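Keep in mind it's a predicted model, so treat the numbers as computed, not measured. Within every chain, numbering begins at 1; the chains are lettered A, B, ... in the order of the sequence lines, protein sequences first and strands thereafter.
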Amino acid sequence: MPELPEAETIVRGLRPAITGRRIERVEVPKPDVLREGRRSFSAKVRGRTIGSVERRAKNVLIVLDRGRRIAVNLGMTGQLLPFPRPPRGRRRPTHPAVRFRFDDGSLLVFNDTRRFGTVECLDPEEWSEREARFGPEPLDPAYAPSQLAAALGTSRAPIRSWLLDQRRIAGIGNIYAAEALFLSGIHPERPARSIDLEEATRLHGSIRMVLEDAIDEGGTTIRDYRNAIGGEGGYARLLFVYGRQGRPCRRCGAPIERLVISNRSAFFCPTCQPPRRP
DNA sequence: AGTGTATCCTGCAGGC
DNA sequence: TGCCTGCAGGATACAC
């Protein structure tokens with residue numbers, strides 16, 4: 001589910017709702033989303049105050065005092081839903097996995113139907129170790145086209161798989177990989193190393209454009225994604241290829257095709273994204 | 001080393 | 001209506 005734009009949207013919505021709150025109590029109805037026992041997790045976060053809310057890759061980071069942080073990976077269906085006190089007629093979460101209760105009576109629920117998501121509490125050293133495993137942030141102003149071109153290097157992996165690898169570039173998932181490849185006219189099965197500097201430069205620009213536009217739209221809601229106030233994102237109506245197999249390409253009219261790469265659907269336009277460069 | 005596959009889990013859509 | 005299959009925005013342990 002949530003990729004960089006969805007995580008970013010959640011972070012922006014969460015920030016004003018929970019910053020400065022003190023965690024009074026933790027309830028864990030679905031302990032399998034934790035990577036440790038619920039008792040030790042609770043002990044680490046109880047009594048701590050939330051200093052800020054940040055994002056790295058697709059992760060939402062709730063930064064506590066002393067540099068400790070709660071790292072939330074939303075998986076496919078994870079949602080972070082803050083509830084004010086009183087919870088003004090909001091629908092109750094369907095699959096609450098973790099509940100944080102704050103000193104002012106408000107509440108933050110990690111809701112996750114499929115429970116592919118994780119909630120962890122990391123010390124500063126644990127986080128920097130984790131952090132180092134992620135590739136560059138594509139929206140970092142310092143991330144240059146030449147850096148992408150160089151990183152594609154000698155990899156024989158299909159470019160679609162390459163883009164999904166969080167160690168190579170952070171935050172891209174199946175939707176935005178498909179859209180960025182469409183916008184840059186690159187077939188998803190092209191080996192990463194076959195992409196030349198000119199194409200890499202186009203891809204770099206497309207990745208940024210897609211992610212920025214999606215953030216502006218508050219993310220893409222296919223089914224489960226919701227922002228921090230339970231609302232849907234607006235980017236689904238702007239998709240060119242993702243989930244549109246059989247429907248006409250918005251640019252050339254040819255039917256969008258679907259193929260499977262590494263067990264996951266890849267969507268592309270056969271004429272706008274030829275398999276090899278002419 | 002660097003890829004692809006199978007797996008975790010639930011819900012939904014479509015075919016019969 | 002109900003049963004079955006396939007599919008889903010992610011990440012990772014494993015086999016080759």
Visitor: Both A/Asp32 and A/Ser155 contact DNA chain B. Which one's nearest nucleotide lies toward the 5' end?
Guide: A/Ser155
Visitor: Looking at A/Gln273 and A/Ile186, what are the two nearest heavy atoms and their distance?
Guide: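 Residues A/Gln273 and A/Ile186, closest heavy atoms: NE2-O, 2.9 Å.
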Visitor: In Watson-Crick or G-U wobble terms, both distances under 3.5 Å, what is the partner of B/dC9?
Guide: none
Visitor: Between C/dG9 atom P and A/Glu232 atom CD, what is the distance in whole Å?
Guide: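 A/Glu232 atom CD is separated from C/dG9 atom P by 17 Å.
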Visitor: Measuring only the P atom in each nucleotide, how far is B/dT7 from C/dT5? A whole number of Å is fine.
Guide: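 Per the computed distance, 16 Å lies between those P atoms.
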Visitor: Go ahead and name the base partner of C/dG9; Watson-Crick or wobble counts if both distances stay under 3.5 Å, otherwise write none.
Guide: none
Visitor: Report the distance from atom OH of A/Tyr242 to atom C1' of C/dC7, rounded to the nearest whole Å.
Guide: 9 Å
Visitor: Check whether A/Phe83 forms a cation-pi arrangement with A/Arg90 (NZ or CZ under 6.0 Å from the six-membered ring centre, at most 45° off the ring normal).
Guide: yes
Visitor: Side chain of A/Arg133 only, please: which of C/dT12, C/dA8, B/dG4 is the nearest?
Guide: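 Looking only at side-chain atoms, A/Arg133 lies closest to C/dT12.
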Visitor: How many whole angstroms separate atom CG of A/Asn73 from atom P of B/dC8?
Guide: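 One finds 18 Å between P of B/dC8 and CG of A/Asn73, rounded.
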Visitor: In terms of side-chain heavy atoms of A/Ala157, which of C/dG9, B/dG11, B/dT3 is nearest?
Guide: B/dT3
Visitor: Is there a side-chain hydrogen bond (donor to acceptor under 3.5 Å, both in side chains) between A/Ser155 and A/Arg193? Walk through the geometry before answering.
Guide: CA-CA 5 Å; A/Ser155 172; A/Arg193 66 177 183 181; over 6 Å; no
Visitor: Whole angstrom is fine here: how far is it from CD1 in A/Ile261 over to C1' in B/dG4?
Guide: 12 Å
Visitor: Could you check whether A/Arg168 gets within reach of a base, just the sugar-phosphate, or nothing at all, counting any heavy atom under 4.0 Å?
Guide: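 Touches sugar-phosphate only.
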Visitor: Of all the choices, C/dG9, B/dT3, C/dA8, which nucleotide is nearest to the side chain of A/Arg156 once you look at every atom?
Guide: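 The listed nucleotide nearest to A/Arg156's side chain is B/dT3.
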Visitor: Tell me the interatomic distance from A/Ile10, atom CD1, to C/dG10, atom C1', rounded to whole angstroms.
Guide: 14 Å
Visitor: Of the nucleotides C/dA8, B/dT10, C/dG10, which one has an atom closest to the side chain of A/Ser265?
Guide: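 Per side-chain heavy atoms of A/Ser265, the pick is C/dA8.
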Visitor: Which of these nucleotides, B/dT5, C/dT12, C/dA11, is closest to any side-chain atom of A/Asn263?
Guide: B/dT5
Visitor: Choose from C/dT12, C/dG9, B/dT3 the nucleotide whose nearest atom is closest to any side-chain atom of A/Arg35.
Guide: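 Shortest atom-to-atom distance from the side chain points to C/dT12.
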Visitor: For A/Lys58 and C/dT12, what is the distance between atoms NZ and C1' respectively, to the nearest whole Å?
Guide: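 The distance from NZ of A/Lys58 to C1' of C/dT12 comes to 13 Å, rounded to the nearest Å.
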Visitor: Would you find a donor on one side and an acceptor on the other, under 3.5 Å apart, between the side chain of A/Glu27 and the backbone of A/Phe100?
Guide: no
Visitor: Between A/Arg160 and A/Asn174, is any side-chain donor less than 3.5 angstrom from a side-chain acceptor?
Guide: yes
Visitor: Between A/Glu3 and A/Lys58, does any NZ, NE, NH1 or NH2 come within less than 4.0 Å of an OD or OE carboxylate oxygen?
Guide: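 Answer for the salt bridge query: no.
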Visitor: Is there a donor and acceptor pair, one atom on the side chain of A/Arg264 and one on the base of C/dA8, closer than 3.5 Å?
Guide: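 Checked by distance alone, the answer is no.
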Visitor: Hey, is A/Phe116 stacking on B/dC8? Ring centres under 5.5 Å, planes under 30°.
Guide: yes
Visitor: Picking from B/dT3, B/dG11, C/dA11, which would you name as closest to the side chain of A/His95?
Guide: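 So the side chain of A/His95 is nearest to B/dG11.
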Visitor: Please determine, for the side chain of A/Arg223, which listed nucleotide (B/dT5, C/dG10, B/dC12) has the closest atom?
Guide: B/dC12
Visitor: Looking only at heavy atoms, which two atoms of A/Val33 and A/Ala97 are closest? And how far apart?
Guide: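 Shortest heavy-atom contact: CG1-CB, 3.9 Å.
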Visitor: Between C/dA11 atom C1' and A/Arg167 atom CZ, what is the distance in whole Å?
Guide: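 It is 11 Å, rounded to the nearest whole Å.
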Visitor: Identify which nucleotide among C/dG10, B/dT5, B/dG11 has an atom closest to any side-chain atom of A/Ser262, counting heavy atoms from C-beta outward.
Guide: B/dT5
Visitor: Atom OH of A/Tyr176 to atom P of C/dG9: distance rounded to whole Å?
Guide: 12 Å
Visitor: Could you work out the separation of B/dA6 and C/dG6 based on their P atoms and round it to a whole Å?
Guide: 14 Å
Visitor: Hey, does A/Pro191 reach any base, or is it just sugar-phosphate, or nothing, if we go heavy atoms under 4.0 Å?
Guide: nothing
Visitor: Counting heavy atoms from C-beta on, name the nucleotide in C/dG9, C/dA8, B/dT5 closest to the side chain of A/Arg114.
Guide: C/dA8
